[in-house]
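Every heavy atom of this structure was used, including side-chain atoms; hydrogens, water molecules and symmetry mates were not. Per chain, numbering begins at 1; letters A, B, ... match sequence-line order.
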Protein chains: 2
Amino acid sequence: MASSIIATNSSANACTHGFIKASCSDCNLKGLCLPIALDIGDIERVDKIIQRSRPLQSGDHLYRTGDPFRSIYAVRSGSIKTYLVDENGIEQVTGFFLPGEVLGFDGVANHKHACNVVALETSSVCEIPFEKLEELSLQIHTLQHHMFQLMGQQIESDHQMMLTLSKKNAEGRIATLLLSLSKRYARRNLSPNAMRLPMSRMDMGNFLGLTIETVSRTLSRLHKEDVISVDGREIVLKNHERLDELCHLLQ
Amino acid sequence: MASSIIATNSSANACTHGFIKASCSDCNLKGLCLPIALDIGDIERVDKIIQRSRPLQSGDHLYRTGDPFRSIYAVRSGSIKTYLVDENGIEQVTGFFLPGEVLGFDGVANHKHACNVVALETSSVCEIPFEKLEELSLQIHTLQHHMFQLMGQQIESDHQMMLTLSKKNAEGRIATLLLSLSKRYARRNLSPNAMRLPMSRMDMGNFLGLTIETVSRTLSRLHKEDVISVDGREIVLKNHERLDELCHLLQ
DNA sequence: ATGTTGACTTGATTTACAGCAAAAAGGCGC
DNA sequence: GCGCCTTTTTGCTGTAAATCAAGTCAACAT
C-alpha cells in the first residue's frame, strides 16, 4: 500500500540487553524507504533517531485510535494491518503493510492516531519519532521531500482503493489485491507468483468490502479456472494477464 | 474532503491587467488553510510565491493525469472535482473540493499528476508552486508541519471514504456525503442546513459507488421521509440525527 | 409556442452478492 | 492419536442495488 521511509535489516535480532542491534546503513530494505540520494552522513543522522524495539507478536497492537501521535513506523519484518472502527463498531481494514513500507500518517493531522494497528504475525518495526523527523527534515531537504512523497504515495494508493471498492466486482477486487501483493513482493526480490497471504479471509473480505463467503467462493472459482492456485493461505498466481483483465473489467 | 493551505479572498476580482489582486493576509479563508500560528511576515513570504490566475469556467480542467506536477492548489471560490480514469476507461470521482480546501497532492509521489481535476462551476484557485513551497517549508517549520497535516487530513478522509464505500448501504453513503458537505459549509460560516449541491447526480453516484438511479431514488425516499428536502440541486437537511443514524447503520 | 437537449425521476425486472446453515479442514493442546 | 476450537469452504435462499426502459422537467434556441 505504501513504500517505506526507513527500515533496518530484517535479519536484525534482539540482543541480550533487550534492544535490537541494527542500523539503516546495513539494512537491505533501505532502498525501499530512504531517499536514494541520501548520503552516508545523513543516513546516520536518521539512524540515530530511530528506535528499534522487540518484535510484536501476532495480534499485538502497535497503537490504537485516540492514542497520542508520536511516531511513524517502518515495517522491518512480518506484516501489519491497519483498521478503523467507527462509532457503531463497524470495522474497516484500511491497509496491509509489508516489510519496507511505512505507516502511521493517520495521526499527523490531529496529533492523535485515527486508526488501529495490529500485527498479523510476528513482526518488527522501526519507530521514528515524528517531531525529531520533522526537525531533521528541516535540515535535510531530500528527507523532507521524501516524507512528502511517502504521504503522496499513500494518497494515490488510497484513491486506487476507492476505485476498487466503488467500481469493481468481487473478482476484480480479489485480483487487484493479489496483484498488489505480488508487486510488493517483487520489489523485495521475492517471487511475484508464489506467496503466503499474511491475512485471513476475514481481513481480505473486510478490506475489499466483501463477505468471507464471497472471498472464498471467488478464490475457489479462480482456482477452478486455473488463474491461480489456492491452498489455504498459499497462493500461486498462474495467469497474470487474466488477473489484469479481471481488475479492469467494467463491472 | 481536505482543508486548505493558502487561499485568498473569494471576493477577489480580475484586475484590468488580467491577473488577480488579492493577498493571503486579507483573505477570509486563510484561517482554514494557513497555519494559525504563522506571523504576518511569514504570511507575506508565502503570499509572494502564490500565483492567482483568471477563474476556471465550469468544465475547465486544472490539470490531467500525466501532466508534470508543479503546483498544489487552494480553492478560492466555486467547486472542484477530482477523478481517476483507469486503463479501461473506468472513472472514479475521488473528491470534491470547496473554497478553503487544498488539492493536488496526487503527483507529489511521481512528479506527475495521478488524477484529473475539473471545475464544477466558475471557480478560482490559488496556485502554489510546490518546489518553492518546499523551500519555504525548510525555513518556516510551522509551514512544514502544516503541509504534513494537510496531507494527513487527506489520508484520514480517504480512509473514511473507504469505510463508506465498503460498508454502508445507499442511504448511508448519501447521508455521509450530505453531512460532510454540511460540515464544510459550516466551517465557512455558511448554513449547515440549506445548500446547493455543486455536483450532478452522476458525480454523486460515481463518487459514492452508486448509479444515478439509486442516488435519485434514495434522495426521493429521504425527502418522502422528511429527513431532507430536495428540489433539484437545492437540498435542505431537516433531520441531522436521522442522517447520523443512517451513516452508521450496520448495512 | 415549439422543438431539442441534457439532467433527473420513476417503474419493472434482473443479478451479484449477502445472509444463513452445515460440512470440511486445519491448528493445537493433551 | 483424539477432541476442541477456529477458519474456511460449499450449498441454498433472499435482497439491495444494477440494469433496462419510459417518462418528466427545465433551459435554451429556433
Asker: Under the criterion side-chain contact (heavy atoms from CB on, under 4.5 Å), I'd like the reasoning laid out for Asp106(A) against Tyr63(A): C-alpha separation, chi angles, the key distance, then a yes or no.
Answerer: CA-CA 11 Å; Asp106(A) 69 282; Tyr63(A) 58 78; 2.8 Å; yes
Asker: Just how far, in rounded Å, is P of dG26(C) from CG of Asp231(A)?
Answerer: 7 Å
Asker: From CZ of Arg173(A) over to P of dA16(C), roughly how many Å is that when rounded to an integer?
Answerer: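 Rounded to the whole Å, the gap is 14 Å.
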Asker: Looking only at non-hydrogen atoms, find the nearest pair between Leu32(B) and Pro99(B) and report the distance.
Answerer: CD1-O, 4.1 Å
Asker: What's the CZ-P distance between Arg221(A) and dG11(D), to the nearest Å?
Answerer: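 Roughly 13 Å, once rounded to whole Å.
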Asker: Output the rounded distance in Å from CD (Glu234(A)) to P (dT9(D)).
Answerer: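 So the two atoms are 13 Å apart, to the nearest Å.
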Asker: Using distance alone, with no hydrogens and no angle criterion, decide if Asn116(A) and His61(A) have a side-chain donor and acceptor under 3.5 Å apart.
Answerer: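 Per modelled atom types, Asn116(A) and His61(A) side chains form no pair under 3.5 Å.
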Asker: Distance alone, cut at 3.5 Å: any donor-acceptor contact between the side chains of Asp231(B) and His223(B)?
Answerer: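 No, no side-chain donor-acceptor contact under 3.5 Å.
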Asker: Collect all protein-nucleotide pairs involving nucleotides 4-9 of chain C in which both atoms are nitrogen or oxygen and the distance is under 3.5 Å.
Answerer:
residue : atom : partner   : partner atom : Å
dC8(C)  : OP1  : Arg233(B) : NE           : 3.3
dC8(C)  : OP2  : Arg201(B) : N            : 3.1
dT9(C)  : OP1  : Arg201(B) : NH2          : 3.1
dT9(C)  : OP2  : Arg201(B) : NE           : 2.8
dT9(C)  : OP2  : Ser216(B) : OG           : 2.9
dT9(C)  : O5'  : Ser216(B) : OG           : 3.0

Asker: Determine the minimum heavy-atom distance between Glu91(B) and Lys167(A), stating which atoms define it.
Answerer: O-CE, 3.1 Å
Asker: Under the salt bridge (charged side-chain N to carboxylate O under 4.0 Å, His left out) definition, can you give me all pairs with a residue in residues 216-227 of chain B, not counting sequence neighbours?
Answerer: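 The answer is Glu171(B)-Arg221(B), Asp226(B)-Lys238(B).
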Asker: If the cut-off is 4.0 Å, is Thr211(A) near the phosphate of dA18(C), judged by side-chain N/O to OP1 or OP2?
Answerer: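 Result: yes.
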Asker: So Leu150(A) and Ile72(A), side-chain contact (heavy atoms from CB on, under 4.5 Å) or not? Walk me through it.
Answerer: CA-CA 12 Å; Leu150(A) 285 178; Ile72(A) 61 173; 5.7 Å; no
Asker: Just call it for Gly209(B): base, sugar-phosphate, or nothing, with non-hydrogen atoms closer than 4.0 Å on any strand.
Answerer: sugar-phosphate
Asker: Expressed in angstrom and rounded to an integer, what is the separation of Met204(A) atom CE from dT9(D) atom P?
Answerer: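 For the pair Met204(A) CE and dT9(D) P, the rounded distance is 10 Å.
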Asker: Kindly give the heavy-atom pair with the smallest separation between Gly66(B) and Lys112(B), and that separation in Å.
Answerer: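 That would be O-CD, 3.6 Å.
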Asker: Would you tell me if any nitrogen or oxygen in the side chain of Thr214(A) comes within less than 4.0 Å of OP1 or OP2 on dC17(C)?
Answerer: no
Asker: Whole Å only: how far is the NZ atom of Lys167(B) from the C1' atom of dA18(C)?
Answerer: 13 Å
Asker: For a quick test of reading the model, state the closest non-hydrogen atom pair linking Tyr83(A) to Val93(A) and the distance between them.
Answerer: CB-CA, 3.7 Å
Asker: Quick one: Asn169(B) CG to dA18(D) C1', roughly how many Å, whole number?
Answerer: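 Rounded to the whole Å, the gap is 15 Å.
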Asker: Tell me the interatomic distance from His223(B), atom NE2, to dT10(C), atom C1', rounded to whole angstroms.
Answerer: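 Rounding to the nearest Å, NE2 of His223(B) and C1' of dT10(C) are 15 Å apart.
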Asker: Given axes from five pairs at either end, by how many degrees does the helix from dA1(C)-dT30(D) to dC30(C)-dG1(D) bend, rounded to 10°?
Answerer: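 End-to-end axis angle: 40°.
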